[in-house]
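First up is the structure itself, then whatever we jot down about it.
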Amino acid sequence: MAPKLPDSVEGLRAAGNQSFRNGQYAEASALYCRALRLLQVRGSSDPEEESVLYSNRAACHLKDGNCTDCIKDCTSALALVPFSMKPLLRRASAYEALEKYPLAYVDYKTVLQIDNSVASALEGINRMTRALMDSLGPEWRLKLPSIPVVPVSAQKRWNSLPSENKESTKNKSKETTKSRVPSAGDVERARVLKEEGNELVKKGNHKKAIEKYNESLLFSNLESTTYSNRALCHLVLNQDKEAVKDCTEALKLDGKNVKALYRRAQAYKSLKKERKKMHSQTERLENR
């Protein structure tokens, strides 16, 4: 005799979650379907619950390789609760599997607006950047769909979630991207992009140069001078904290990188002056 199914939305969702954990994706999907129907029959508006059910069913579709239905369910989930992290990541994965790289890039980039430390999104952006450069050429950014601006309210909603919920989404292996060993082709592509960045620096176009150095580091992040060259651009643009970070990365790779040492000293000096200036302004305000 088959076990009696739960008669509540919450019970069906919990049963679906258990089936999913057991690798029974078709069964989990059916339970989420029942929960959605019950929610609709009940007639009470609960967009958060409905969004989670669509997102969970999307995860089942993704596991079964049904990317088209995964995208549909993620889109339904996001229509109910915009800028939810899990449906964005699942839809990005489905787009990527279907080789719809521009759409996957947009979803990964949207996730990073909410939390720029989500490892799976960082890795996704790296993969999509390489794929888009190969398929669309150096002007690939101009051919992307528009990337939505994430409102502060969505970021606050994410920040208010319990930490264990965040960890399940973020994936603790944040160093995966850094540990990837670049191929010979990647190293060569990184070198070419670095040289293009150097040419832009000579022309005084430091913002564009930073973009080239960013792309170079996506292919290979083992070149010390790329970091110290990008640090120079940050210095020129008065982005001293970023300059310090880049110089530190450069010195991790090559402790004898004199330019990195010098530029970091310049950045620290500029930051010290800024702190003194702010302190002086604060004192004047307090003495009024």
Closest contact, heavy atoms only, [X] versus [Y]:
| X | Y | result |
| --- | --- | --- |
| A121 | V111 | CB-CG1, 3.7 Å |
| A209 | G197 | CB-O, 3.5 Å |
| G11 | S8 | N-OG, 2.9 Å |
| L112 | V118 | CD2-O, 4.0 Å |
| A92 | A104 | O-CB, 3.5 Å |
| A267 | A243 | CB-CB, 4.0 Å |

[Y] side chain reached by [X] side chain, heavy atoms, under 4.5 Å:
| X | Y | answer |
| --- | --- | --- |
| L144 | K109 | no |
| V9 | L53 | yes |
| R91 | T110 | no |
| Y105 | I147 | yes |
| Y227 | L253 | yes |
| K72 | S76 | no |

Got a sec, which hydrophobics cluster with [X], joining ILVMFWY side chains under 4.5 Å apart, including via others?
| X | value |
| --- | --- |
| Y268 | V244, L271 |
| L261 | L251 |
| V236 | V201, Y213, L232 |
| I71 | Y95, L98, L103 |

Interatomic distance, [X] atom [atom1] to [Y] atom [atom2] [nearest 0.5 angstrom]:
| X | Y | atom1 | atom2 | result |
| --- | --- | --- | --- | --- |
| K207 | I210 | NZ | CD1 | 9.0 Å |
| N205 | E211 | CG | CD | 8.5 Å |
| L39 | L12 | CG | CG | 10.5 Å |
| C247 | E242 | SG | CD | 11.5 Å |
| F83 | L88 | CZ | CG | 8.0 Å |
| L217 | R230 | CG | CZ | 5.0 Å |

Check salt bridge (Lys or Arg N to Asp or Glu O under 4.0 Å) between [X] and all other residues, then give those that pass, not counting sequence neighbours.
| X | result |
| --- | --- |
| E199 | K202 |
| K212 | E196 |
| R90 | none |

Hey, is the main chain of [Y] close enough, under 3.5 Å, to the side chain of [X] for a donor-acceptor pair?
| X | Y | value |
| --- | --- | --- |
| S55 | V52 | no |
| Q113 | V150 | yes |
| S135 | A131 | yes |
| S220 | S216 | no |
| H206 | G204 | yes |

Of all pairs that satisfy salt bridge (charged side-chain N to carboxylate O under 4.0 Å, His left out), the ones with a partner from [range], not counting sequence neighbours:
| range | result |
| --- | --- |
| residues 16-32 | none |
| residues 131-149 | D134-R189, R141-E215 |
| residues 254-271 | none |

Query raised in the report: Of all residues at least two apart in sequence or in a different chain, which pass the side-chain hydrogen bond (donor to acceptor under 3.5 Å, both in side chains) check with S270?
Result: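 Partners of S270 under the side-chain hydrogen bond (donor to acceptor under 3.5 Å, both in side chains) test: D240.
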Query raised in the report: Residues two or more places apart in sequence or in another chain: which of them pass side-chain hydrogen bond (donor to acceptor under 3.5 Å, both in side chains) with S224?
Result: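 For S224 the side-chain hydrogen bond (donor to acceptor under 3.5 Å, both in side chains) partners, ignoring immediate neighbours, are N257.
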Can you get from [X] to [Y] by hopping between Ile, Leu, Val, Met, Phe, Trp and Tyr side chains that sit under 4.5 Å apart?
| X | Y | result |
| --- | --- | --- |
| L78 | L89 | yes |
| L132 | Y108 | yes |
| F20 | L62 | no |
| L235 | L200 | no |
| M133 | V187 | no |

Query - Centroid separation W140 to Y101 less than 6.0 Å - result: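 That pair fails the under 6.0 Å test.
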Query raised in the report: Among E49, E48, E50, whose salt bridge (Lys or Arg N to Asp or Glu O under 4.0 Å) with R13 holds?
Result: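 Among the candidates, only E49 passes.
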**Report entry** E188 bridged to R191 by N-O distance under 4.0 Å
**Finding:**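 Answer for the salt bridge query: yes.
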